[in-house]
Amino acid sequence: MVVLQTVKTKTEEKNTQSSEIEENTTVKKEEDNETENESTTEGEKTIISETSFTAKDGTENTATLFYDGDIRLSVNNLQTVIGSNVGEALLNNDDTNVPQPSYSLHTLGNQPLIAVLNDFPTVHGTGTKLDIFTYNDQKLKNVFSTSDIKFELDTIEYEKGEDTFSLPFANTTVTHVLTSEERAKTDEKLLEFENNNVTIDDEYIKTIKGGISSNPFKVSFTETDDDGKEEILISSKIQSVGAKTPVRLNTNAVFVFEIVENEIQFKDVTFENVKS
């Protein structure tokens with residue numbers, strides 16, 4: 001048996017090595033270009049809104065709201081995420097027939113407070129979220145959010161047609177008078193509970209105290225009230241949730257907050273009856 005073997009000359013080996021070097025160099029350049037392009041893409045951001053303000057220490061600063069895959073608020077070198085994984089298509093959708101989310105920046109108070117307002121569509125209409133930040137000593141801190149506005153069912157006075165709620169964020173309670181429609185639906189629910197031998201007492205209410213939802217849908221800023229203080233008005237949809245909640249609510253609440261010495265303080269809440 002004869003074995004055929006290819007033997008390269010020195011010249012051929014040198015040419016082969018040169019080709020391999022050139023090929024590796026080309027691949028390395030392509031890899032470098034890809035890395036550079038990726039870095040450029042990651043660094044891209046879309047400015048949504050900017051506002052200038054004077055901080056407590058007298059320095060001039062700029063707050064910037066921008067998009068880079070997330071919605072972020074930045075002041076100097078500090079950043080915080082306002083909304084995660086926001087689709088770019090939602091921000092750039094030109095279809096006027098489809099409700100679009102929007103973001104805006106506001107300054108409140110004298111130092112000031114930095115407010116980020118996000119309006120967004122829901123199946124029931126427009127929803128809104130407000131986050132307020134302080135910028136002091138080169139620190140950006142969230143000091144208020146509508147996400148903290150919670151209702152907890154405290155007591156139910158069926159004969160009076162009233163229910164009392166705890167507001168943990170304000171460390172207070174408020175009383176709501178049921179509308180005729182709310183009372184009728186509550187009576188239906190009570191009859192259902194009675195037929196199923198469910199006893200509604202203080203212990204039962206403790207187990208369903210979270211059965212009330214609060215969904216903000218409008219935020220207004222007023223320059224000053226009668227006391228000369230800036231106010232924030234937050235309208236929220238208040239509804240019963242869950243089959244175990246005996247009282248049936250469908251009302252709007254308007255929360256009033258005021259800015260006192262650069263702090264957000266709860267002032268009052270009023271209820272507005274809603275017609276089905």
Side-chain angles (χ1 to χ4, degrees), residues 118 120 122-132 141-220 225 227 229 231-260 263-276:
N118 171 210
F120 52 88
T122 73
V123 293
H124 300 295
T126 300
T128 192
K129 184 173 184 288
L130 174 66
D131 288 288
I132 298 179
K141 181 181 179 182
N142 188 314
V143 295
F144 177 87
S145 176
T146 48
S147 299
D148 298 329
I149 299 179
K150 305 293 184 183
F151 265 64
E152 291 184 354
L153 188 59
D154 194 21
T155 60
I156 304 173
E157 297 286 347
Y158 293 108
E159 293 182 0
K160 294 182 180 179
E162 296 178 351
D163 39 35
T164 301
F165 304 103
S166 294
L167 305 181
F169 65 92
N171 194 29
T172 189
T173 60
V174 295
T175 299
H176 166 64
V177 178
L178 297 174
T179 65
S180 57
E181 184 176 359
E182 289 173 334
R183 189 157 188 171
K185 291 185 177 181
T186 297
D187 288 341
E188 291 178 6
K189 195 68 178 178
L190 291 175
L191 181 59
E192 177 186 328
F193 279 24
E194 183 179 342
N195 292 336
N196 287 279
N197 298 316
V198 177
T199 301
I200 302 172
D201 52 18
D202 291 343
E203 290 302 315
Y204 181 86
I205 291 176
K206 287 180 182 178
T207 66
I208 50 92
K209 66 179 183 180
I212 307 297
S213 68
S214 174
N215 298 301
F217 61 86
K218 182 181 179 181
V219 172
S220 302
D225 60 9
D227 299 327
K229 299 181 179 69
E231 287 187 341
I232 304 169
L233 308 182
I234 300 172
S235 299
S236 188
K237 184 76 170 179
I238 309 299
Q239 291 180 306
S240 303
V241 293
K244 293 183 178 181
T245 304
V247 62
R248 310 313 293 174
L249 301 180
N250 181 33
T251 188
N252 290 340
V254 179
F255 298 91
V256 182
F257 297 85
E258 59 182 8
I259 301 173
V260 181
E263 292 184 356
I264 310 297
Q265 295 185 1
F266 172 75
K267 183 179 179 181
D268 194 14
V269 59
T270 57
F271 294 96
E272 300 176 344
N273 294 337
V274 177
K275 295 182 179 180
S276 301

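- A heavy-atom distance below 4.5 Å is not found between the side chains of Ile132 and Ser145.
- Ser236 and Ser214 form a side-chain donor-acceptor contact under 3.5 Å, judged by distance and modelled atom types alone.
- Nearest heavy-atom pair across Thr245 and Val241 is OG1-O, 2.8 Å.
- Atom OG1 of Thr186 sits about 6.5 Å away from atom CG of Leu249, to the nearest 0.5 Å.
- Checked against side chain to side chain contact (heavy atoms under 4.5 Å, CB included), Gln265 has the following partners two or more places apart in sequence or in another chain: Val260, Glu263.
- Within a 6.0 Å sphere centred on NZ of Lys189, heavy atoms belonging to other residues, nucleotides or ligands number more than 12.
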Task: Test salt bridge (charged side-chain N to carboxylate O under 4.0 Å, His left out) applied to Lys185 and Glu188, step by step - done: CA-CA 5 Å; Lys185 291 185 177 181; Glu188 291 178 6; over 6 Å; no
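- Between Phe165 and Phe271, the angle of the ring planes lies from 30° to 60°, which puts this pair in the tilted group.
- Here the rule is side chain to side chain donor-acceptor pair (under 3.5 Å) with Lys237, and of Asn250, Thr122, Thr251 only Asn250 fits it.
- Ile238 and Phe151 get closest at one heavy-atom pair: CD1-CE1, 3.7 Å.
- Shortest non-hydrogen contact noted between Lys229 and Ile259 is CB-O, 3.9 Å.
- Side chain of Tyr204 to main chain of Lys244: a donor-acceptor pair is present (N/O by atom type, distance under 3.5 Å, no hydrogens or angles).
- The backbone N or O of Tyr158 lies less than 3.5 Å from a partner atom in the side chain of Arg183, making a donor-acceptor pair.
- Side-chain contact check for Glu258 versus Glu231: some heavy-atom pair is nearer than 4.5 Å.
- A distance of 10.0 Å separates CG of Asp163 from CD of Glu157, quoted to the nearest 0.5 Å.
- With sequence neighbours excluded, no residue forms a salt bridge (Lys or Arg N to Asp or Glu O under 4.0 Å) with Glu159.
- Within a 6.0 Å radius of NZ in Lys209, no more than 12 heavy atoms belonging to other residues, nucleotides or ligands are found.
- For the pair Asp268 and Val254, the minimum side-chain heavy-atom distance is 4.5 Å or more.
- Taking every heavy atom of both residues into account, Phe217 and Thr126 meet most closely at CB-O, 3.1 Å.
- Within the model, atoms OG of Ser213 and CD of Gln239 stand 5.5 Å from one another, a figure rounded to the nearest 0.5 Å.
- The side-chain heavy atoms of Ile208 and Pro246, taken from C-beta on, include a pair separated by under 4.5 Å.
- Few gaps surround CG on Asp148; more than 12 heavy atoms of other groups in view lie less than 6.0 Å from it.
- Applying the 6.0 Å contact sphere to CG of Asn196 captures more than 12 heavy atoms from other residues, nucleotides or ligands.
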Open item on the list: Assess the residue pair Phe255 and Thr146 against the criterion (side chain to side chain contact (heavy atoms under 4.5 Å, CB included)); give the C-alpha distance rounded to whole Å, side-chain angles, the decisive distance to 0.1 Å, and a yes or no.
Closed with: CA-CA 10 Å; Phe255 298 91; Thr146 48; over 6 Å; no
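- Rounding to the nearest 0.5 Å gives a distance of 9.5 Å between CG of Asp201 and NZ of Lys206.
- Distance check: Ile156 CD1 to Ile200 CD1 gives 6.5 Å after rounding to the nearest 0.5 Å.
- Not a single ring pair (Phe, Tyr, Trp, His ring centres under 6.0 Å) links Phe193 to another residue, sequence neighbours left out.
- When all heavy atoms of Gly242 and Arg248 are compared, the pair lying nearest together is O-NH1, 3.3 Å.
- Rounded to the nearest 0.5 Å, atoms CG (Asn215) and OG (Ser235) are 13.0 Å apart.
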